[in-house]
Amino acid sequence: AQTVTQSQPEMSVQEAETVTLSCTYDTSESDYYLFWYKQPPSRQMILVIRQEAYKQQNATENRFSVNFQKAAKSFSLKISDSQLGDAAMYFCASSGNQFYFGTGTSLTVIP
Amino acid sequence: DAGVIQSPRHEVTEMGQEVTLRCKPISGHNSLFWYRQTMMRGLELLIYFNNNVPIDDSGMPEDRFSAKMPNASFSTLKIQPSEPRDSAVYFCASSLFPASGEGDTQYFGPGTRLTVL
């Protein structure tokens, strides 16, 4: 079975600063994908970024980037130039045979 | 594309009543997922369908819960009878399986907030 672990229940960052959210996973699948979803107070689950495990290059979407360490099974999310609108719950997820979500990290952005 | 559509957005009911939640997946997607989210238990997968067939319902908490997908564009999650502990946000998500190059990314609906009094 796959597991996804987010060890930081809460994080905070000063506006315009950079923050990194951690995620580790465990899988026996050889072909899988990794995701970060954002859930703002509106509750809508929004895809932030996606990484294909067979690609070594780290995915980037504007201010969001990942640090994918396949051997360590680590998949962290870096948010640069943090904005107030980034405040949300962030979920890490993996897919292979099934989709697995972590427990989430609540991010607070301090003005 | 309208995205995943869920209705109702909010539902308040009394214990013992039947509740039906509805979902319309993204057109062309062939996998559909029902999740429940609570503060205590986080995000839980209840059941998922592939090509309208239930594949894994091991997350369905009790016989009071049932889900159907009569066609590719519609699914329901029914709770009968409802209990206060069923109060949660219920999400529907859809994806294209096998992976289309998007890694079977799941796209979520806005959720239904259920309150059982």
Side-chain angles (χ1 to χ4, degrees), chain A residues 1-10 23 25 27 29-59 61 64 66 68 70 75 77 88-106, chain B residues 1-6 8-11 21 23 25-26 29 31-50 54-59 87-115:
Chain A
Q2 292 178 261
T3 60
V4 177
T5 302
Q6 293 179 251
S7 59
Q8 306 155 314
E10 298 178 345
C23 174
Y25 63 95
T27 180
E29 302 280 342
S30 58
D31 185 18
Y32 57 93
Y33 291 75
L34 298 163
F35 308 85
W36 279 98
Y37 283 86
K38 170 185 176 182
Q39 187 178 37
S42 67
R43 301 196 315 267
Q44 178 74 54
M45 292 283 280
I46 302 164
L47 176 68
V48 174
I49 199 165
R50 172 179 55 236
Q51 173 78 42
E52 299 162 74
Y54 65 86
K55 286 190 175 180
Q56 292 188 341
Q57 186 173 6
N58 289 324
E61 288 287 342
F64 298 86
V66 299
F68 175 44
K70 191 172 183 178
F75 182 61
L77 175 69
M89 183 73 82
Y90 286 82
F91 291 93
C92 178
S94 71
S95 78
N97 192 30
Q98 285 194 26
F99 223 83
Y100 294 89
F101 282 90
T103 53
T105 296
S106 178
Chain B
D1 195 331
V4 177
I5 299 172
Q6 289 187 249
R9 294 292 304 276
H10 303 272
E11 177 79 27
L21 310 182
C23 175
I26 291 172
H29 281 189
S31 291
L32 184 139
F33 306 79
W34 282 102
Y35 291 90
R36 177 172 69 175
Q37 186 178 36
T38 61
M39 289 292 292
M40 292 295 294
R41 301 173 69 93
L43 197 61
E44 304 173 275
L45 176 65
L46 300 177
I47 185 171
Y48 79 92
F49 296 83
N50 186 243
I55 303 300
D56 184 356
D57 65 354
S58 59
S87 296
V89 179
Y90 291 81
F91 287 101
C92 176
S94 71
S95 71
L96 186 60
F97 182 85
S100 63
E102 290 191 334
D104 52 301
T105 301
Q106 292 192 12
Y107 295 90
F108 284 74
T112 294
R113 179 177 288 279
L114 173 65
T115 302

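Lettering of chains follows the sequences in order, A, B, ..., and the numbering in each one begins at 1.
- Annotation for K55(A): atom NZ does not count as buried by contact number, only 12 or fewer foreign heavy atoms lying within 6.0 Å.
- To the nearest 0.5 Å, the span separating CD on Q39(A) from CZ on F91(B) amounts to 4.5 Å.
- Rounded to the nearest 0.5 angstrom, I46(A) CD1 and F108(B) CZ are separated by 11.5 Å.
- In this structure, the separation between OH on Y107(B) and CE on M45(A) is 13.5 Å, given to the nearest 0.5 Å.
- The CG atom of L43(B) lies 14.0 Å from the OH atom of Y100(A); values are rounded to the nearest 0.5 Å.
- Remark: Y90(A) pairs with no residue by the ring-ring contact (aromatic ring centres under 6.0 Å, His included) rule, at least two apart or across chains.
- For the ring-ring contact (aromatic ring centres under 6.0 Å, His included) test, residues two or more places apart in sequence or in another chain that qualify with Y32(A) are Y25(A).
- Between Y37(A) and Q106(B), some side-chain heavy-atom pair lies under the 4.5 Å cut-off.
- For Q37(B), the part lying under 4.5 angstrom from a heavy atom of chain A is the side chain only.
- A pairwise comparison of heavy atoms in R43(A) and R9(B) identifies NH2-O, 4.1 Å as the closest pair.
- Heavy atoms closer than 4.5 Å to chain A are found in both the backbone and the side chain of R113(B).
- Ranked by non-hydrogen atom pairs under 4.5 Å with chain A, the options S95(B), G42(B), P110(B) are led by P110(B).
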